[in-house]
Amino acid sequence: MMPIVLSTENRVGVIGYPVSHSLSPAMHNAAFAALGMKDWRYDLLPIPGDILSKSLRTLRDEGGYMGLNVTVPHKQAVMEFVNPDDIAQAVGAVNTIHFRRNNFATNTDVAGVIDDLRANDVALEGAKAVVLGAGGAARAAVYGLVQAGAAVTVVNRTRNKALDMVKDLGVDVPVLNVAGAARQGADLIVNCTPLGMMGSYEGLSAWPEDVPLPEGVTVYDMVYRPRFTPLMRQAEAVGGRAIGGLGMLVRQGAAAFKIWTGKNAPVDVMFEAAEAELAKSR
Ligand code: NAP
């Protein structure tokens with residue numbers, strides 16, 4: 001009979017497809033090293049969609065994985081195999097699973113964006129906030145901003161998708177076009193579209209050049225590759241502030257780290273590791 005070898009490692013990792021550009025392994029492994037957590041390891045796990053359910057079972061039951069991060073394209077699909085909490089259910093997507101807590105699953109993108117806005121001293125309560133987009137990231141932003149007491153407006157290329165999002169989230173939030181949102185004024189604009197992102201979206205902005213941004217507005221751009229986007233430049237041109245999305249990535253990771261380990265994540269260490277990894281891919 002083959003001996004059963006029990007690993008003393010606490011394994012976690014990120015599933016997605018493709019996932020090779022993920023900054024998460026560098027970020028989490030740096031955090032484990034900084035805290036002397038020698039028996040922890042974070043892996044990159046490319047999993048095609050057609051073997052998702054089987055892979056989840058294998059990773060949990062045979063691979064010894066105690067938890068996972070989940071990224072595109074599996075964030076919605078994993079929901080039927082885990083126990084999503086209220087946040088994940090409201091957002092309609094999961095990005096963190098804890099197998100050893102009865103397959104608990106949540107969405108730490110909400111904490112990621114809100115914690116990072118707060119860490120950057122962006123006032124949220126009573127702020128007029130415009131969310132650009134109606135995909136998974138926008139759902140997390142709208143949910144978090146409404147909870148934080150902001151007066152949110154949504155702008156999306158496909159209006160019906162924005163209306164569906166607002167209905168699903170159960171929030172009373174207007175859906176306008178860019179000109180309408182500009183007329184209303186804004187303290188904060190959160191870009192939750194890929195416009196500006198390296199590759200086919202590079203150089204593009206979700207806010208048209210011919211519609212002036214509200215003066216002094218803070219732009220929070222979830223895009224972090226590149227670090228500075230056209231929308232961020234537009235904000236600075238009207239005397240506003242521009243914050244890129246790397247901090248959100250780090251803070252959603254820090255929230256997952258806390259769920260798995262019970263420890264506060266070393267956010268600065270994770271930020272530096274993510275920055276260093278990002279610099280390599282340029
Ligand atoms: P998604 O679900 O695919 O949603 C994309 C959104 O962008 C949709 O609302 C879509 O509008 C809009 N959009 C796409 N192409 C557009 C175009 N050419 N013109 C105008 N609008 C366009 O994506 P997601 O998961 O929400 O992610 C959105 C972005 O946020 C990505 O760049 C992602 O990398 C980033 N993100 C960053 C973090 C972070 O930690 N910093 C976390 C999550 C996501 P339609 O409804 O009209 O299709």
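Both ligands and their constituent atoms are indexed starting at 1 by order of listing. This structure is a prediction, so every number in the text was calculated from the model and none was measured.
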Which protein N or O atoms sit under 3.5 Å from any N or O of ligand 1? Give atom names and distances.
| from | atom 1 | to | atom 2 | distance (Å) |
| --- | --- | --- | --- | --- |
| ligand 1 | 2 (O) | Gly136 | N | 3.2 |
| ligand 1 | 9 (O) | Ala134 | N | 2.8 |
| ligand 1 | 9 (O) | Asn156 | OD1 | 2.8 |
| ligand 1 | 11 (O) | Asn156 | OD1 | 3.2 |
| ligand 1 | 18 (N) | Arg157 | NH1 | 3.3 |
| ligand 1 | 26 (O) | Gly136 | N | 3.1 |
| ligand 1 | 26 (O) | Ala137 | N | 2.8 |
| ligand 1 | 40 (O) | Leu249 | N | 3.3 |
| ligand 1 | 41 (N) | Met222 | O | 2.9 |
| ligand 1 | 41 (N) | Gly245 | O | 3.0 |
| ligand 1 | 46 (O) | Asn156 | ND2 | 2.8 |
| ligand 1 | 46 (O) | Lys161 | NZ | 3.3 |
| ligand 1 | 47 (O) | Arg157 | NE | 3.0 |
| ligand 1 | 47 (O) | Thr158 | N | 3.1 |
| ligand 1 | 47 (O) | Thr158 | OG1 | 2.4 |
| ligand 1 | 48 (O) | Arg157 | NH2 | 3.0 |

For residues 197-209, tabulate all N or O donor-acceptor pairs below 3.5 Å that involve a side-chain atom, not counting sequence neighbours.
| from | atom 1 | to | atom 2 | distance (Å) |
| --- | --- | --- | --- | --- |
| Glu202 | OE1 | Gly199 | N | 3.4 |
| Ser205 | OG | Trp207 | N | 3.0 |
| Ser205 | OG | Trp207 | O | 3.1 |
| Ser205 | OG | Gln234 | OE1 | 2.6 |
| Trp207 | NE1 | Val211 | O | 2.7 |

- With a distance cut-off below 6.0 Å to the six-membered ring centre and an angular limit of 45° from the axis, does Arg11 pair with Tyr65 as a cation-pi contact? yes

- Task: Go through the structure and list residues passing side chain to side chain donor-acceptor pair (under 3.5 Å) with Arg225, not counting sequence neighbours.
- Result: Ser281

- Which of these passes side-chain contact (heavy atoms from CB on, under 4.5 Å) with Arg241: Leu188, Val219, Val122? Val122

- Mind jotting down which residue pairs meet the ring-ring contact (aromatic ring centres under 6.0 Å, His included) criterion with at least one end in residues 20-39? Sequence neighbours excluded, please. His28-Tyr42, His28-Trp260, Phe32-Trp40, Phe32-Phe257

- Task: Let me know which of Asp86, Val91, Thr96 forms a side-chain contact (heavy atoms from CB on, under 4.5 Å) with Asn107.
- Result: Val91

